[in-house]
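So the structure is just underneath, and the comments pick up after that.
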Amino acid sequence: METRVFNSAYGELTLFRRPFRPRETLQAWDAADDYLLHYLAELNLADSTRILIVNDSFGSLSTALAQYSCTLWADSAISELCSAENAERNKRPAPQFIPATEPPTGKFDVILYRLPKSRSLLNYQLQCLAPLCRDGAQFIGAAMARHIDQNIVSAFAKNIATAKPSLARKKARLIHLDGEIISESPQSDTKTISLVDHNIVLANRANVFSRDKLDLGSRIMLASLPVLDTPTHIADLGCGNGVLGISAARQWPGAQLHFFDDSFLAVDSAEHNVRQNLGDLAAASSSQFSASDCLHAYRGDDFDLILCNPPFHQDHHVGDQIARQMFRDSHKHLTEGGVLCVVGNRHLGYHVLLKKLFGNCETINSDSKFVVLRARKTRPSNG
């Protein structure tokens, strides 16, 4: 685990990010965090200031501002975990955490908003924050300049108020509201899609992966399920809306299922979709759901099948770090002879990682773009 020192406007901080990598090349903060903290330091806030921090990916803001009363609102189990771990590492109090499934309420003096990558999450969060701004909270947004365009400005105008980006500082910008706060009630963030070929209806909340249609990776994975041995205990790792686990429950009605995702909104969507699509199947009542950093906090029985459609990016950073952690955690929590079934783009080379970790890997389905891989646990990990 490699840590980095952040010389912030609120002191020197030792910070790390998840997943842990021995030779980490990414920081747990960026220039937008730094800009935001310098701006706040110049305001000379009173110690009694109540701050709502939104989308603090690894806890850099909440750790820096721990002298104030801080609440963190985010759609990430990694954000919750890192904010607590980095606070402890720097001997500072951790913020109160509110998952994105619960809109924040109460009185705040300042709202610090790190713009998310997901446009649906942006719209949902801005609508939820508008009432807090009407109550007098000062709103300050922040992002890297390359991520602020006219579509972002339009989203602010539609969901909270007209907004004006600041001049750039180290390629980062702040965003300030400069119009009347919208008074309408928040609209539903849920989008419903029907998968006619699979007889599945999915209700997808904001920030759920591929919320507008079934992604091609999941489609080829669904076609691959009949090739797999009959399992009794299944994990849908990185479950999104739960489509893989729902189909697995129909394929193997007697199996127990556990759904995992970093996104609280995704887990909430999966839980709703399991109830709506599985009906009287035993899995509908016995399934478990966890917002988690991969399988970090899992302490239950091992699985004999893990289905995984891993992300190939973390926020705006493209890479296989999340997939690698998913594969390591899967190996740890599989029974002897248990199977990890993975779908991914051909060019990502997951077969190399899986063969190194499991000692074996075979292709069970493919098309011009995607490949479905099966790795069986037959030995201790050497990855």
Side-chain angles (χ1 to χ4, degrees), residues 32-33 35-37 39-40 43 45 49-62 64-65 68-77 79-80 83 95-144 147-166 172-191 205-208 211 263-266 268 291 315:
D33 293 323
Y35 193 175
L36 196 52
L37 292 172
Y39 179 87
L40 282 178
L43 297 181
L45 300 175
T49 300
R50 297 195 68 230
I51 301 177
L52 176 64
I53 304 172
V54 186
N55 304 327
D56 189 10
S57 296
F58 305 105
S60 59
L61 294 176
S62 60
L65 299 170
Y68 304 106
S69 175
C70 290
T71 298
L72 172 57
W73 185 46
D75 187 39
S76 169
S79 175
E80 179 183 18
S83 64
Q96 176 190 1
F97 183 83
I98 303 175
T101 48
E102 304 172 19
T105 59
K107 182 70 174 177
F108 296 96
D109 302 302
V110 177
I111 297 173
L112 306 180
Y113 186 57
R114 285 303 316 263
L115 272 63
K117 179 181 179 182
S118 164
R119 191 60 52 84
S120 62
L121 183 60
L122 174 75
N123 292 330
Y124 165 69
Q125 289 181 326
L126 290 178
Q127 289 183 17
C128 291
L129 294 174
L132 304 181
C133 293
R134 290 198 297 271
D135 288 341
Q138 180 180 3
F139 181 102
I140 310 164
M144 298 305 294
H147 301 143
I148 301 175
D149 56 21
Q150 188 55 48
N151 290 328
I152 294 293
V153 175
S154 297
F156 271 78
K158 177 182 177 182
N159 294 292
I160 186 168
T162 56
K164 183 178 180 180
S166 71
R173 294 184 188 273
L174 302 183
I175 298 179
H176 301 280
L177 305 182
D178 67 348
E180 184 175 350
I181 305 300
I182 290 174
S183 59
E184 287 85 356
S185 299
Q187 300 176 357
S188 172
D189 66 300
T190 300
K191 184 164 189 176
R205 297 200 63 183
N207 204 33
V208 172
R211 72 194 295 261
S263 164
F264 292 92
L265 291 166
D268 187 59
D315 296 325

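Scope of the values below: all heavy atoms of this structure, side chains included, with no hydrogens, waters or symmetry mates.
- Pairing each heavy atom of Ile182 with each of Ala157, the nearest pair is CD1-O, 3.3 Å.
- For the salt bridge (charged side-chain N to carboxylate O under 4.0 Å, His left out) test with Asp189, the passing option among Arg211, Arg119, Arg205 is Arg205; the others fail.
- Ring geometry for Phe139 against Tyr113 counts as tilted: the plane angle lies between 30° and 60°, on a 0 to 90° scale.
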Test log, rule side chain to side chain contact (heavy atoms under 4.5 Å, CB included), inputs Phe97 and Asp56
CA-CA 11 Å; Phe97 183 83; Asp56 189 10; over 6 Å; no
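- Checking each of Lys117, Gln125, Arg114 against Asn55 for a side chain to side chain donor-acceptor pair (under 3.5 Å) leaves exactly one that passes, namely Gln125.
- Although no hydrogens or angles enter the test, the distance criterion places a donor-acceptor pair under 3.5 Å between the side chain of Lys107 and the main chain of Asp135.
- Leu43 is not listed as a side-chain neighbour of Val110, based on a closest heavy-atom distance of 4.5 Å or more.
- The backbone N or O of Pro99 lies less than 3.5 Å from no partner atom in the side chain of Glu80, so there is not a single donor-acceptor pair.
- Note on ring orientation: taking the six-membered ring where Trp is involved, the planes of Tyr39 and His176 are tilted (angle from 30° to 60°).
- Nearest heavy-atom pair across Cys70 and Ile53 is SG-CD1, 4.1 Å.
- Using a 4.5 Å heavy-atom cutoff, the side chains of Thr190 and Tyr124 are not in contact.
- Listed for the Thr71 side chain is no donor-acceptor partner under 3.5 Å among the backbone atoms of Leu52.
- Between Leu121 and the options Asn207, Leu115, Val208, a side chain to side chain contact (heavy atoms under 4.5 Å, CB included) holds for only Asn207.
- With contacts defined as side-chain heavy-atom distances shorter than 4.5 Å, the pair Ile51/Leu61 does not qualify.
- In this structure the side chain of Ile98 never reaches within 4.5 angstrom of the side chain of Leu72, judged on heavy atoms.
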